[in-house]
Amino acid sequence: MFKFQVKSRLDGALARTGVIKTPHGDIKTPAFIVVGTKANVKAMTPEQVKGVHAQAVLANAYHLYLQPGHALIEEAGGLGSFMNWKGPTFTDSGGFQILSLGSGFKKVLAMQSDELAYDEVIAPAKTRHAFVDDDGVTFKSHLDGSKHRFTPEHSMQVQHSIGADIIFAFDELTSLHDSYDYQVESLDRTHRWAQQSLDEVKKLRKAHPERPYQALFGVLQGAQYEDLRKKAATELGAMDFDGYGIGGALEKSQMGEIIRWVNEILPENKPKHLLGISEPDDIFAAIEQGIDTFDCVSPTRVGRNGSVYTYDGRVNITAKRFEKDFNPIINDCQCYTCQNYTCAYIRHLFKAKETLAGTLASIHNEYFIIKLVDDIRASIEDGSFYTLQKTWLDRYYKR
RNA sequence: GCUGGGAUAGUGAAGCGGUCAAACACGUCAGACUGUAAAUCUGAUGGCUUAUGCCUUCGUAGGUUCGAAUCCUACUCCCAGCA
């Protein structure tokens with residue numbers, strides 16, 4: 001069982017609200033999906049994840065394949081049961097690791113930061129852990145250096161074993177520093193892999209009719225190029241996916257535009273997921289252009305590293321000025337952290353390297369981003385989206 | 001009291017005649033983080049500063065030397081052993 005219903009739309013824009021129905025529950029969209037790469041949201045218990053009003057969790061097939069192994073998760077009754085998360089789950093295909101273990105680039109580039117020449121910044125072959133060929137990717141495990149190979153079929157089998165409600169086709173995530181010719185070649189490969197992923201998933205569904213339906217999302221690449229992005233939307237849009245993921249490296253300033261290019265072409269009755277994005281300005285831009293869900297490591301990663309969201313921007317809570325600040329991070333924030341702890345205490349925990357620091361900061365950050373998306377959803381329903389966007393972002397980026 | 005050993009920047013600790021404002025670690029300060037090789041990484045850290053610049057530092061006070069954190073003398077304090 002998998003279904004997506006659009007509930008309301010924003011006049012004259014692609015933004016909408018809706019519901020994704022999965023075997024493990026509904027997701028009200030737009031929704032922020034919390035990342036739990038290794039079958040846990042770092043530094044948070046599932047109760048805490050629920051407490052920040054997360055609707056779903058996204059794990060990673062590559063990591064779980066390496067450890068503890070997808071077969072074990074299957075034996076445990078699937079991802080949700082294994083990790084004690086009762087709601088909907090997603091898994092990423094492992095495609096992102098082609099970038100992060102391969103060329104090793106930043107995924108999002110701010111405008112002027114790409115002045116460096118390709119060979120000045122590209123990871124040299126000897127330090128790479130991922131190598132792409134036409135049929136798949138050979139990975140060197142980041143855990144022990146052992147060699148592993150992912151093909152579209154293999155990724156689907158792994159994700160089938162893990163058993164998330166929504167899974168992603170195996171794709172190649174290129175770097176913005178790759179040449180146009182390479183982007184063309186890579187996009188063709190990703191589209192072949194998309195078809196192979198789809199075929200394999202259909203086969204697996206047929207072979208295991210007793211299993212809950214796993215929705216498969218195709219992933220659009222094409223980097224910063226309009227023609228390639230539109231090609232991706234046209235070709236994948238014609239295929240029988242349950243939804244779409246928009247992926248790839250992109251220039252921050254282009255984000256909304258890229259999403260609009262593809263969402264104007266993709267079938268509008270299918271959910272669109274933006275992979276790996278959660279900065280507030282990006283969230284507004286994405287939702288405005290019709291994104292229904294997105295996931296990101298940022299709230300937990302940044303939180304564990306001492307950075308917390310406020311309405312006036314993100315701040316490092318470890319800064320000296322919080323030493324004697326006995327207020328919560330945000331005065332009227334309803335999250336567990338702000339309801340119970342002061343900046344001074346959280347700063348102390350970070351300075352003392354106590355693990356509770358990362359937990360409290362992650363709780364706050366996840367709550368903050370999820371609440372933002374919840375507020376945006378409400379603003380689409382009552383038509384105040386643009387007002388919220390302007391007032392919210394003006395304040396956040398004022399500094 | 002005697003005999004050894006030692007005192008170096010916020011802390012620990014290298015250095016034992018010049019290339020020393022002084023390695024390294026920790027700490028401190030600041031910054032970064034967008035499908036998690038991330039509880040990680042980067043930078044600064046004597047003062048003044050744009051500085052390949054100046055000033056003040058290696059327990060204290062003298063001395064030797066062109067030149068001393070490094071050698072000598074005295075003193076102060078610390079540690080160990082012996083009385």
Side-chain angles (χ1 to χ4, degrees), chain A residues 32-44 57-64 66-67 90-102 104-110 113 123 127-130 139-145 155 159 164 166-173 217 219-221 244-252 255 273-283 285-286 291 293-309 313-323 347 349-362 365 369:
Chain A
F32 178 70
I33 312 304
V34 169
V35 174
T37 301
K38 299 193 244 183
N40 84 313
V41 180
K42 288 187 193 292
M44 292 175 73
V57 171
L58 179 144
N60 189 297
Y62 164 77
H63 296 259
L64 294 176
L66 287 180
Q67 188 180 53
F90 295 56
T91 45
D92 185 26
S93 63
F96 177 72
Q97 274 58 46
I98 296 173
L99 179 86
S100 71
L101 301 175
F105 266 95
K106 289 180 71 161
K107 194 174 96 92
V108 179
L109 287 182
S113 66
T127 69
R128 288 186 180 206
H129 284 234
F139 293 105
K140 241 191 282 175
S141 162
H142 66 280
L143 298 175
D144 61 7
S155 174
Q159 293 190 78
I166 295 171
I167 67 177
F168 287 94
F170 193 60
D171 63 320
E172 177 181 0
L173 176 39
F217 283 26
V219 180
L220 285 79
Q221 294 291 339
Y244 293 93
I246 296 168
L250 31 84
E251 215 169 273
K252 190 174 170 70
M255 194 171 302
H273 181 94
L274 180 62
L275 286 149
I277 295 297
S278 77
E279 286 305 302
D281 55 339
D282 301 330
I283 289 176
I291 288 297
T293 55
F294 29 68
D295 68 277
C296 196
V297 304
S298 207
T300 51
R301 175 187 288 170
V302 143
R304 266 176 289 118
N305 295 330
S307 189
V308 293
Y309 290 99
R314 212 172 69 201
V315 299
N316 289 332
I317 194 77
T318 53
K320 184 83 169 168
R321 65 181 188 278
F322 294 111
E323 187 178 26
R347 179 181 126 100
L349 293 178
F350 271 109
K351 293 310 234 177
K353 301 195 191 319
E354 285 295 333
T355 58
L356 183 58
T359 297
L360 295 181
S362 296
N365 285 351
I369 294 296

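Below, chain A is the first sequence line, B the second, and so on; all start at residue 1. All values derive from a computational prediction rather than experimental measurement.
Heavy atoms of Q221(A) sit under 4.0 angstrom from at least one base atom. Contacts of S141(A) with the nucleic acid, taken as non-hydrogen atoms under 4.0 Å apart, are absent. At the heavy-atom level, N60(A) lies under 4.0 Å from the strands shown only through sugar-phosphate atoms. Counting non-hydrogen atoms under 4.0 angstrom, E354(A) reaches nothing in the nucleic acid. If you check every strand for non-hydrogen atoms under 4.0 Å, L58(A) touches sugar and phosphate atoms only. Residue D295(A) is in sugar-phosphate contact alone, with no base atom involved, counting any heavy-atom pair closer than 4.0 Å across all strands shown. At a threshold of 4.0 angstrom between heavy atoms, the contacts of A319(A) are confined to the sugar-phosphate backbone, with no base atom among them. When heavy atoms are screened at a 4.0 angstrom cut-off, K353(A) is found touching the sugar-phosphate backbone but no base atom. Residue-level contact check: H129(A) touches the bases, meaning some heavy atom is under 4.0 Å from a base atom. Residue contacts shown for K107(A) include a base, since a base heavy atom lies under 4.0 Å away. Among the heavy atoms of the strands lying under 4.0 Å from T127(A) is at least one base atom, whether or not backbone atoms are also near. Across all strands shown, G248(A) has heavy atoms under 4.0 Å from base atoms, whether or not it also approaches the sugar-phosphate.
With both pairing distances under 3.5 Å, A32(B) is matched to U40(B) as a Watson-Crick or G-U wobble pair. Pairing for G27(B) is with U45(B), a Watson-Crick or G-U wobble pair whose two hydrogen-bonding atom distances lie under 3.5 Å. Nucleotide C2(B) forms a pair with G81(B), judged by Watson-Crick or G-U wobble geometry with both contacts under 3.5 Å. G62(B): Watson-Crick or G-U partner is C72(B), with both key distances under 3.5 Å.
Taking atom C1' on both C20(B) and C75(B), the two are 27 Å apart, rounded to the nearest angstrom. Separating the P atom of U11(B) from that of G46(B) is a span of 14 Å, rounded to the nearest Å. Using C1' as the reference atom, C41(B) and U36(B) are 14 Å apart when rounded to the nearest Å. A distance of about 9 Å separates the P atoms of U19(B) and A69(B), rounded to the whole Å. Comparing G4(B) with U73(B), their P atoms sit 12 Å apart, to the nearest whole Å. With both ends at atom C1', the span from G59(B) to U42(B) equals 37 Å, rounded to whole Å. Comparing A21(B) with C55(B), their C1' atoms are spaced 11 Å from each other, to the whole Å. Taking the P atom of each, U52(B) and A37(B) are spaced 40 Å apart, rounded to whole Å.
With values rounded to the nearest 0.5 angstrom, L274(A) atom CG is found 11.5 Å from I33(A) atom CD1. Between the CG atom in N365(A) and the OG atom in S298(A) there is a gap of 8.0 Å [rounded to 0.5 Å].
The ring of H63(A) has its center no closer than 6.0 angstrom to the ring center of F96(A).
Here the range on RNA chain B touched by chain A, meaning any atom under 4.0 Å from one of its heavy atoms, is G27(B) to U40(B).
Aromatic ring pairs are classed by plane angle as parallel below 30°, tilted from 30° to 60° and perpendicular above 60°; the pair F32(A) and F294(A) is tilted. By the 30° and 60° cut-offs, the orientation of the rings of F90(A) relative to H273(A) is tilted.
No side-chain donor-acceptor contact under 3.5 Å links T91(A) to the backbone of I167(A). Between the side chain of D295(A) and the backbone N or O of V34(A), no donor-acceptor pair lies under 3.5 Å.
Between L64(A) and K38(A), the closest heavy-atom pair is CD2-C, 3.6 Å.
Base orientation of A37(B): syn (glycosidic angle within 90° of 0).
Counted within 6.0 Å of CD on E323(A), heavy atoms from surrounding residues, nucleotides or ligands total more than 12; the atom is thus considered enclosed.
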